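These notes are about the structure you will find just below.
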Amino acid sequence: MKDHLIIFDTTLRDGEQSPGASMTREEKIRIARQLERMRVDVIEAGFPAASNGDFEAVKAVADSVKESTVCGLARAIEADIRRAGEALQGASASRIHTFIATSPIHMEKKLRMSPDQVVEQAVRAVKWARQYTDDVEFSPEDAGRSDITFLCRVLEAVIDAGAKTLNIPDTVGYTMPEQFGNLIRTLRERIPNSDKVVFSVHCHNDLGLAVANSLSAVANGARQVECTINGLGERAGNAALEEIVMAVRTRQDFFPCDTRVDAVHIVPASKLVSGITGFPVQPNKAIVGANAFAHESGIHQDGVLKHRETYEIMRAEDVGWGANKILLGKHSGRNAFRTRLAELGIELNSEEALNTTFMRFKELADKKHDVFDEDLHALVSDEAMVLQEHYRLLSLIAHSETGEMPYAHVVISEDGRESRAESEGSGPVDATFRAIEKILISGAELQLFSVNAITSGTDSQGEVTVRLQKSGRIVNGHGADTDIVVASAKAYLSALNKLHSKLERAHPQV
């Protein structure tokens, strides 16, 4: 029998720490349900003590998810752990994940605690957490730079206190794969009671080694990997869930374990997270990138046509890429639309939401002949943003002519009140943004403007990402439309809506 490799998804917690990736409660629920559909073992829903908004989001996920364990993060502080326990009360299965730093630099400079004090606090934290659940996970922050003897001492103590999972983080993405694998093996060998727990790893991608380090740890006995959809996360991100799952599954000759993840839901999950956060997936991204299963070379094409396995080590359909992407058009009915959404793993909360989304689908189908799966994902994400709008685009006229200064005229609704303005600019998008600013005077600084074609063809929807910064807060806005200027206006207003809703939070790093 193969060992079970536990997949611990932290998209909703560590993934949300990407600048601009903050999610609403409803968005977290949508992603959590998709993770549950994928059969992810543990969903880390957030950091309940970080804010009331995060507490409510973790509580909502705990109440919604039935098949996966829902986890809340907490520092090794009693108030944090109590808050996490309260947020997780409605979960069918809950876990509290508590942490404290163990490296010399962190203990001396950040915590200002002695090693003895750190051990005592770690033990107390595990015992507090056990008052709420038997499933307690402990992380020694910055384990990769911790003294191995002290690390063994802390971990032995928390096992005796009742921790069931020991998570070893490479907090700053500093460790090399061979080093990290050796660390996991050494800890398992040196800690007397190591057979009583599951060893987990949480690797960051600062040197591009998060997946490699995680897989090295698995080869050396780790049986849980903490990861995120699309590798989303703090700084350069985390280990990518899709790469971990498919590497282990594809190389069953090498790994003595496998996951329970239903891989056909990987691509829909990737598109959902990308749409909600506004972080596009690079085309050459492994597993979920648009080019992941594309073959340009004539030699490769010839080989694949003769025998697929000459150049493909996985099947595209096994991870959720559809063989026939053209499925719907303007003559498609409501039932076909609903059925295809279900096949893509897209859930709408009510019949009213289905009706309004279907009407938007019809409007899109009138503009372009074929509606692709990618269009449907963008459509649903766009509709979810419309439902939360404080500022809404009512109309837009943009004009661009060779030799003339481009200009735009916009009409915006702010809490039901209409305002209009026009402006010139270096191009129609610049003019549109200037016109919006004449009305809203946000004072936000534009940090990123990115345009991607959702599908091929000149009638493709354009997907625009706008990143704004104001008073130290960074948000991403997302918009899609067959008209790039309209998509840009939607994305700009989407970012301003996020700034208005004050959803950004500061999270401690694990």
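All values derive from a computational prediction rather than experimental measurement. One-based numbering along the sequence shown. When reading the values below, keep in mind they use all heavy atoms of this one structure, side chains included, and skip hydrogens, waters and symmetry mates.
- Side-chain atoms of Thr356 come within 3.5 Å of backbone N or O of Ala353 as a donor-acceptor pair.
- Side-chain N or O atoms of Thr339 include one that pairs as donor or acceptor with a backbone N or O of Asn335 at under 3.5 Å.
- Ion pairing between Glu243 and Lys285 holds under the 4.0 Å rule for side-chain N and carboxylate O.
- Across every non-hydrogen atom of Ile43 and Ser68, the tightest pair is CD1-CB, 3.8 Å.
- Side-chain atoms of Ser94 never come within 3.5 Å of backbone atoms of Ala91 as a donor-acceptor pair (strictly under, hydrogens ignored).
- Checked by atom type and distance alone, the side chain of Gln34 pairs as donor or acceptor with a backbone atom of His265 at under 3.5 Å.
- Side-chain contact, Ser139 with His202: no donor N or O sits under 3.5 Å from an acceptor N or O.
- Under the 4.0 Å criterion applied to side-chain N and carboxylate O atoms, Asp481 and Lys490 are assigned as salt-bridge partners.
- The structure places CD1 of Ile276 at 11.5 Å from CD1 of Ile229, a figure rounded to the nearest 0.5 Å.
- Ala408 and Ala435 get closest at one heavy-atom pair: O-CB, 4.1 Å.
- Under the 4.5 Å side-chain criterion, counting only non-hydrogen atoms from C-beta, Phe449 is in contact with Val429.
- The residues Arg392 and Glu414 are annotated as not salt-bridged, no charged nitrogen and carboxylate oxygen being separated by less than 4.0 angstrom.
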Exercise. Take Val136 and Arg95 through the side-chain contact (heavy atoms from CB on, under 4.5 Å) test and state the conclusion after the steps.
Key: CA-CA 6 Å; Val136 177; Arg95 173 182 295 187; over 6 Å; no
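- Of the possible polar contacts, none joining the Thr482 side chain to the Gln461 backbone as a donor-acceptor pair under 3.5 Å is found.
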Self-check item: Residue pair Leu232, Asn238: steps toward the side-chain contact (heavy atoms from CB on, under 4.5 Å) verdict
Solution: CA-CA 6 Å; Leu232 194 68; Asn238 290 269; over 6 Å; no
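- Tyr407 does not carry Arg434 over the face of its six-membered ring by the limits of under 6.0 Å from the centre and within 45° of the normal.
- No donor-acceptor distance shorter than 3.5 angstrom exists from the side chain of Thr10 to the backbone of Glu226, with no hydrogens or angles considered.
- Atom CD of residue Glu44 and atom CZ of residue Arg13 lie 4.5 Å apart, to the nearest 0.5 angstrom.
- Atom CZ of Arg39 has 12 or fewer neighbouring heavy atoms from other residues, nucleotides or ligands inside a 6.0 Å radius.
- One distance of note links CZ of Phe361 with CG of Leu341; it measures 9.0 Å at 0.5 Å rounding.
- Neither side chain, Gln224 nor Thr165, offers a donor N or O lying under 3.5 Å from an acceptor on the other.
- Looking at Asp54 and Lys28, a side-chain N of the basic residue comes within less than 4.0 Å of a carboxylate O on the acidic one, giving a salt bridge.
- With no hydrogens or angles considered, no side-chain donor-acceptor pair links His204 and Glu234 at under 3.5 Å.
- Counting only heavy atoms from C-beta outward, the side chains of Val319 and Val288 never approach each other to under 4.5 Å.
- Side-chain atoms of Tyr391 and Ile439, non-hydrogen and from C-beta on, never get closer than 4.5 Å to each other.
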Quiz prompt | Stepwise salt bridge (Lys or Arg N to Asp or Glu O under 4.0 Å) check, Asp3 with Arg223 | solution = CA-CA 8 Å; Asp3 286 352; Arg223 288 299 177 262; 3.1 Å; yes
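- Looking at Asp262 and Arg37, no side-chain N of the basic residue comes within less than 4.0 Å of a carboxylate O on the acidic one, giving no salt bridge.
- Within the 4.5 Å cutoff, the side chain of Phe8 has no heavy atoms near those of the Asp41 side chain.
- Summarising the geometry of Arg249 relative to Ala263, their closest heavy-atom pair is NH1-CB, 3.8 Å, with the distance given to 0.1 Å.
- The closest side-chain heavy-atom distance from Ile7 to Leu241 is below 4.5 Å.
- Checked by atom type and distance alone, the side chain of Glu27 pairs as donor or acceptor with a backbone atom of Thr24 at under 3.5 Å.
- Going from atom OG of Ser214 over to atom CD1 of Ile244 covers 4.5 Å, rounded to the nearest 0.5 Å.
- His390 places a side-chain heavy atom less than 4.5 Å from the side chain of Asp415.
- A donor-acceptor contact under 3.5 angstrom links the side chains of Glu437 and Tyr492, judged on distance only.
- A salt bridge links Glu418 with Arg420: the distance from a Lys NZ or Arg NE/NH1/NH2 to an Asp or Glu carboxylate oxygen falls below 4.0 Å.
- Using a 4.5 Å cut-off on side-chain heavy atoms (C-beta onward), Ile6 and Val225 make no contact.
- How far OG of Ser442 is from CG of Leu499: 7.0 Å, rounded to the nearest 0.5 Å.
- No donor-acceptor pair under 3.5 Å is formed between the side chain of Arg33 and the backbone N or O of Val65.
- Closest of all the heavy-atom pairs between Gly231 and Glu242 is N-OE2, 4.1 Å.
- For the atom pair CD of Glu26 and OG of Ser64, the computed distance is 10.0 Å after rounding to the nearest 0.5 Å.
- Salt bridge status for Asp258 with Lys2: absent, with no side-chain N to carboxylate O gap under 4.0 Å.
- Between the Gln469 side chain and the Ile474 main chain, no donor and acceptor come within less than 3.5 Å of each other.
- Residues Asp9 and Thr11 have side chains that bring a donor and an acceptor to within less than 3.5 angstrom of each other.
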Self-check item: Evaluation steps, side-chain contact (heavy atoms from CB on, under 4.5 Å), between Leu496 and Leu440
Solution: CA-CA 9 Å; Leu496 290 177; Leu440 302 181; 3.5 Å; yes
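- Remark: Arg334 engages Glu351 in a salt bridge, criterion side-chain N to carboxylate O under 4.0 Å.
- Scanning all heavy atoms of the two residues, the minimum distance from Val58 to Ala87 falls at CG1-CB, 3.9 Å.
- Counting only distance, with no hydrogens or angles, the side chain of Ser18 and the backbone of Gly233 share a donor-acceptor pair below 3.5 Å.
- Summarising the geometry of Pro406 relative to Ala431, their closest heavy-atom pair is O-CB, 4.1 Å, with the distance given to 0.1 Å.
- Side chains of Thr465 and Asn476: a donor-acceptor N/O pair is absent below 3.5 angstrom, by distance only.
- Taking a cutoff of 4.0 Å between a charged side-chain nitrogen and a carboxylate oxygen, Arg251 and Asp253 qualify as a salt bridge.
- For the pair Val264 and Glu317, the minimum side-chain heavy-atom distance is 4.5 Å or more.
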Quiz item: Given the rule in the side-chain contact (heavy atoms from CB on, under 4.5 Å) test, do Lys59 and Asp63 qualify, once you have shown the distances and angles that lead to the verdict?
Solution: CA-CA 6 Å; Lys59 186 176 186 301; Asp63 292 343; 3.5 Å; yes
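- Judged by a 6.0 Å distance limit and a 45° cone about the ring axis, Arg83 is positioned over the six-membered ring of Phe55.
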